[in-house]
Amino acid sequence: TGFVPTFSCMEGKDGLPKDEFADCATTNGLDQAAQDKVLQCAASGEGHDLAVLAGVDTETLEPKHEYAPWVTLNGKPLRDDAYELQEQVCGAFKGTAPASMCSSSELSSIQQSLHNIGFSICPKEAGVV
């Protein structure tokens with residue numbers, strides 16, 4: 001449950017992200033408080049600024065991005081390793097990762113969700129690692 005499966009669900013839909021969010025978030029266990037925070041951010045000036053910054057970051061990547069979305073981790077493109085995004089993040093994390101997030105069963109569940117919709121890459125999330 002959580003943000004990655006919600007994002008994967010939205011990517012597998014044909015509608016606009018804002019229209020698909022509530023259904024995908026509810027299906028993947030995001031409570032109403034978390035959904036409200038995401039929607040508040042998306043509708044705010046800060047959300048707009050973050051989207052613009054992500055675009056600037058994308059255009060200034062070295063090496064240049066080859067397709068979109070393009071995910072990097074610690075400055076390096078993941079390409080097809082993004083199939084294992086959560087595993088990659090857990091492996092790169094230098095602190096004490098929550099056991100549930102990096103458990104084998106959770107990693108397998110996330111990976112299966114991404115494969116089920118034919119999704120091979122995820123967008124960069126600045127500052128995660």
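In this text the structure is predicted, and so the values were computed from the model without any measurement. Values reported hereafter were calculated over all heavy atoms of this structure, with side chains retained and with hydrogens, waters and symmetry mates removed.
The two residues C9 and N28 come nearest to each other via the heavy atoms CB-ND2, 3.7 Å. Residues Q88 and L78 come closest through the heavy atom pair OE1-CD2, 4.1 Å. When all heavy atoms of L73 and V89 are compared, the closest pair comes out as CD2-N, 4.1 Å.
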Show me, pair by pair, the donor-acceptor contacts under 3.5 angstrom made by side chains of residues 33-41, not counting sequence neighbours?
from	atom 1	to	atom 2	distance (Å)
Q35	NE2	T26	OG1	3.2
Q35	NE2	L30	O	2.8
D36	OD1	Q32	NE2	2.8

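Distance check, rounded to the nearest 0.5 Å: OG1 of T6 to CD of E11 gives 12.0 Å. For the atom pair OG1 (T27) and CD (E20), the distance works out to 10.5 Å, reported to the nearest 0.5 Å.
Identified under the side chain to side chain donor-acceptor pair (under 3.5 Å) test for residues 41-53, with sequence neighbours left out: none. Identified under the salt bridge (Lys or Arg N to Asp or Glu O under 4.0 Å) test for residues 23-35, with sequence neighbours left out: K13-D23.
E59 meets the salt bridge (charged side-chain N to carboxylate O under 4.0 Å, His left out) test with no other residue; sequence neighbours excluded. For the salt bridge (charged side-chain N to carboxylate O under 4.0 Å, His left out) test, no residue two or more places apart in sequence or in another chain qualifies with D19. Legend: residues meeting side chain to side chain contact (heavy atoms under 4.5 Å, CB included) with E66, ordered by chain and number and at least two apart, are W70, R79.
The closest side-chain heavy-atom distance from D57 to L53 is below 4.5 Å.
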